[in-house]
Amino acid sequence: MNTNPLTQEDPTIAAEYAGGQWRAKGRNLTTRDVAATQDDLARKVERINNNRTLSSEAKRIAIAREYRAARDHIRAAGQAVLDHVTSERARLSRKLFGHEGEADAQTVIVRRDAADRAAKLTDPHEAQRALQRAEANGDVHLAQAIAGQSFANGWADVVHSWFDANPQAGDTARQLQELPDPSDGVWRMQHAMTYSLMAPDAVAGLSDYQVDALADTVLDSGDAA
């Protein structure tokens with residue numbers, strides 16, 4: 001889950017995760033900006049509804065266009081956040097569980113063997129036991145491979161055990177733990193709810209396809225939206 005300290009008291013604060021830490025940002029699409037977009041949409045819808053020169057159908061089409069623009073804007077912002085979190089998790093994972101620098105042929109073989117053995121683990125309990133054996137035997141490459149495989153599989157307890165045994169992971173491990181996990185269903189639902197808009201009455205209940213089709217409708221020149 002997201003442990004961003006900046007949002008614990010105020011979930012609408014503009015913030016971003018960059019450079020290994022959460023920090024305030026001058027402008028970012030957060031819940032505050034989603035709310036502002038919703039308010040802006042409501043004002044536009046009101047103006048359209050109050051326009052007596054438009055027919056009912058023209059108003060509905062105009063509202064569909066405004067809603068689509070606002071919807072796509074917010075969804076793009078949500079996807080940008082998701083992409084950033086995913087890329088940061090991948091970068092930090094490589095730093096923690098990957099291998100930097102050159103290695104001799106024997107070390108490369110050992111690492112490859114460790115990765116193959118770790119990939120065969122099928123459940124977190126098995127991985128935990130394998131990790132304990134590797135650490136007891138001083139097999140750092142296998143222990144690291146098991147931790148990396150466990151991270152990929154979402155076996156948090158195993159990963160935390162490796163963190164505890166490797167304090168040198170330090171800040172990198174902390175940064176990774178602070179990031180939300182996009183594979184977590186609860187977080188995905190919260191994220192989707194955050195970056196969503198309430199549809200105006202004129203298009204409420206319509207699917208995205210139906211909204212887009214309505215927005216693309218071209219009226220006769222005498223009744224243009």
Side-chain angles (χ1 to χ4, degrees), residues 1-11 13 15-24 30 78-194:
M1 296 296 293
N2 188 346
T3 57
N4 176 4
L6 297 175
T7 63
Q8 289 178 353
E9 296 298 328
D10 178 7
I13 192 170
E16 65 175 348
Y17 187 88
Q21 62 181 343
W22 286 103
R23 64 187 183 188
T30 62
Q79 185 61 49
V81 170
L82 183 60
D83 291 344
H84 179 67
V85 169
T86 300
S87 64
E88 275 294 285
R89 285 178 64 86
R91 181 184 69 80
L92 293 170
S93 175
R94 287 194 300 270
K95 186 175 181 180
L96 277 173
F97 309 121
H99 304 287
E100 299 178 344
E102 298 181 356
D104 58 72
Q106 183 60 37
T107 300
V108 171
I109 293 173
V110 170
R111 289 174 176 173
R112 185 178 301 145
D113 177 69
D116 290 342
R117 292 168 64 185
K120 295 176 181 178
L121 298 171
T122 59
D123 67 76
H125 300 295
E126 181 186 5
Q128 188 71 266
R129 291 192 295 270
L131 177 63
Q132 292 171 350
R133 288 196 298 271
E135 291 175 338
N137 294 331
D139 191 338
V140 295
H141 295 300
L142 181 57
Q144 185 182 37
I146 293 171
Q149 186 66 35
S150 298
F151 175 78
N153 291 339
W155 300 337
D157 290 343
V158 183
V159 177
H160 291 161
S161 293
W162 186 81
F163 286 164
D164 292 340
N166 293 270
Q168 74 275 10
D171 289 341
T172 303
R174 177 185 57 76
Q175 293 164 23
L176 184 59
Q177 289 176 292
E178 285 182 350
L179 281 172
D181 181 1
S183 67
D184 178 72
V186 174
W187 185 84
R188 295 280 301 211
M189 182 178 295
Q190 292 175 337
H191 179 76
M193 291 175 64
T194 296

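The analysis underlying the following values was restricted to heavy atoms, covering all of them including side chains, and did not include hydrogens, waters or symmetry mates.
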Under 3.5 Å, which donor-acceptor pairs do the side chains of residues 146-158 form with other protein atoms, sequence neighbours left out?
from	atom 1	to	atom 2	distance (Å)
Ser150	OG	Ile146	O	2.8
Asn153	ND2	Gln149	O	3.4

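- One distance of note links NE2 of His191 with CD of Gln79; it measures 7.0 Å at 0.5 Å rounding.
- When all heavy atoms of Ala145 and Ala114 are compared, the closest pair comes out as CB-O, 3.6 Å.
- Remark: Phe163 pairs with no residue by the ring pair (Phe, Tyr, Trp, His ring centres under 6.0 Å) rule, at least two apart or across chains.
- The structure places CD1 of Ile109 at 12.0 Å from CZ of Arg111, a figure rounded to the nearest 0.5 Å.
- Distance CG/Leu179 to CZ/Arg91: 9.0 Å, rounded to 0.5 Å.
- Heavy atoms only, all atoms of each residue included: Trp187 and Leu82 are closest at CZ3-CD1, 3.7 Å.
- Atom CD in Gln128 sits 11.0 Å away from atom CZ in Arg133 (nearest 0.5 Å).
- Among all heavy-atom pairs drawn from Asp123 and Glu126, the shortest one is OD1-N, 2.8 Å.
- Annotation for Thr86 and Pro182: closest pair OG1-CG, 3.8 Å, computed over non-hydrogen atoms.
- Environment of NE2 in His160: crowded, with over 12 heavy atoms of neighbouring residues, nucleotides or ligands closer than 6.0 Å.
- Shown here for Trp162 and Ala169, the closest heavy-atom pair between the two residues is CZ3-CB, 4.4 Å.
- Distance CD/Gln175 to CD/Glu88: 8.0 Å, rounded to 0.5 Å.
- Here Asp83 pairs with nothing under the salt bridge (charged side-chain N to carboxylate O under 4.0 Å, His left out) rule; sequence neighbours left out.
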Checklist entry - Given Asp116 and Lys120, is the salt bridge (charged side-chain N to carboxylate O under 4.0 Å, His left out) satisfied, shown in steps? => result CA-CA 7 Å; Asp116 290 342; Lys120 295 176 181 178; over 6 Å; no
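- Nearest heavy atoms, Ala134 versus Ala143: CB-N, 3.9 Å.
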